[in-house]
Amino acid sequence: QVQLVESGGGLVQAGGSLRLSCVASGRTFSNYGMGWFRQAPGKERNFVAGISWIASNTNYAESVKGRFTISRDNAKTTVYLQMNSLRPEDTAVYYCAANFYGLGSASLSGYTYWGQGTQVTVSS
């Protein structure tokens, strides 16, 4: 089992920045590919960014490319999502996900473990 706990969400004005963190526990973090997804009210959960377990290859949704950066610190068993130039349409609950030997897949089914989510609200 892997437990994931997100933090760092909040209310920010458009154009601002937030950094989300996801701390993992329970298994060898470095063996897991990690991803961030988001879900707005009444909408499906969508991929935001992913990072592979090896070589830290990254993958982004088109809507966040150039604004968001995913990174990981294996020593701290933490994955981050740096979000810059935030827009009102980025408002959602953001979820962290993990998969053993994962490659940072954009698919929901590519992940086994999920956190509880953290709310991000961007005001206009």
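- Taking the side chain as every heavy atom from C-beta outward, N46 and F37 never approach each other to under 4.5 Å.
- A continuous path of hydrophobic side-chain contacts links I70 to Y101 [ILVMFWY only; heavy atoms under 4.5 Å].
- A heavy-atom distance below 4.5 Å is not found between the side chains of L108 and Y95.
- Side-chain atoms of Y32 never come within 3.5 Å of backbone atoms of S52 as a donor-acceptor pair (strictly under, hydrogens ignored).
- Two different hydrophobic clusters hold V23 and V2 under the rule that ILVMFWY side chains link at heavy-atom gaps under 4.5 Å.
- In this structure, R72 fails the cation-pi test against Y80, since its NZ or CZ atom is not both closer than 6.0 Å to the six-membered ring centre and inside 45 degrees of the ring normal.
- Atoms CG and CD1, on N31 and I54 in that order, are 9.5 Å from each other to the nearest 0.5 Å.
- Counting only residues at least two apart or on different chains, no side-chain hydrogen bond (donor to acceptor under 3.5 Å, both in side chains) pair has a member in residues 6-16.
- Counting heavy atoms from C-beta on, the side chains of Q82 and S17 come closer than 4.5 Å.
- Taking the six-membered ring where the residue is Trp, the centroids of F68 and W36 are separated by 6.0 Å or more.
- In this structure the side chain of M34 reaches within 4.5 angstrom of the side chain of L4, judged on heavy atoms.
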Begin from the C-alpha positions of S107 and S109 and carry the test side chain to side chain donor-acceptor pair (under 3.5 Å) through to its verdict. CA-CA 5 Å; S107 172; S109 61; 2.8 Å; yes

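- A40 and A92 get closest at one heavy-atom pair: N-CB, 3.8 Å.
- Distance CG/L103 to CH2/W53: 9.0 Å, rounded to 0.5 Å.
- The closest donor-acceptor contact from the side chain of T77 to the backbone of A24 lies under 3.5 Å.
- In this structure, CZ on F47 lies 10.5 Å from CD on E62, to the nearest 0.5 angstrom.
- The shortest heavy-atom contact between L81 and Y94 is CD2-CD2, 4.1 Å.
- Considering CG of L86 and OG of S123, their distance stands at 10.0 Å, rounded to 0.5 Å.
- Counting heavy atoms of neighbouring residues, nucleotides and ligands inside a 6.0 Å radius, atom CD of Q119 exceeds 12 of them.
- Contact detail for T91 and V122: the closest heavy-atom pair is OG1-N, 2.9 Å.
- Shortest non-hydrogen contact noted between G9 and T118 is N-OG1, 3.2 Å.
- Interatomic distance, Q3 CD to Y113 OH, rounded to the nearest 0.5 Å: 8.5 Å.
- Applying the salt bridge (charged side-chain N to carboxylate O under 4.0 Å, His left out) rule to pairs touching residues 34-54 yields R38-D90, sequence neighbours excluded.
- For the residue pair N99 and T112, a side-chain donor N or O sits within less than 3.5 Å of a side-chain acceptor on the partner.
- Taking 4.5 Å as the limit, every side-chain heavy atom of F29 sits out of range of all side-chain heavy atoms of T78.
- In terms of heavy-atom proximity, G104 sits nearest to Y111 at C-OH, 3.1 Å.
- The closest side-chain donor-acceptor pair between T28 and S30, if any, does not fall under 3.5 angstrom.
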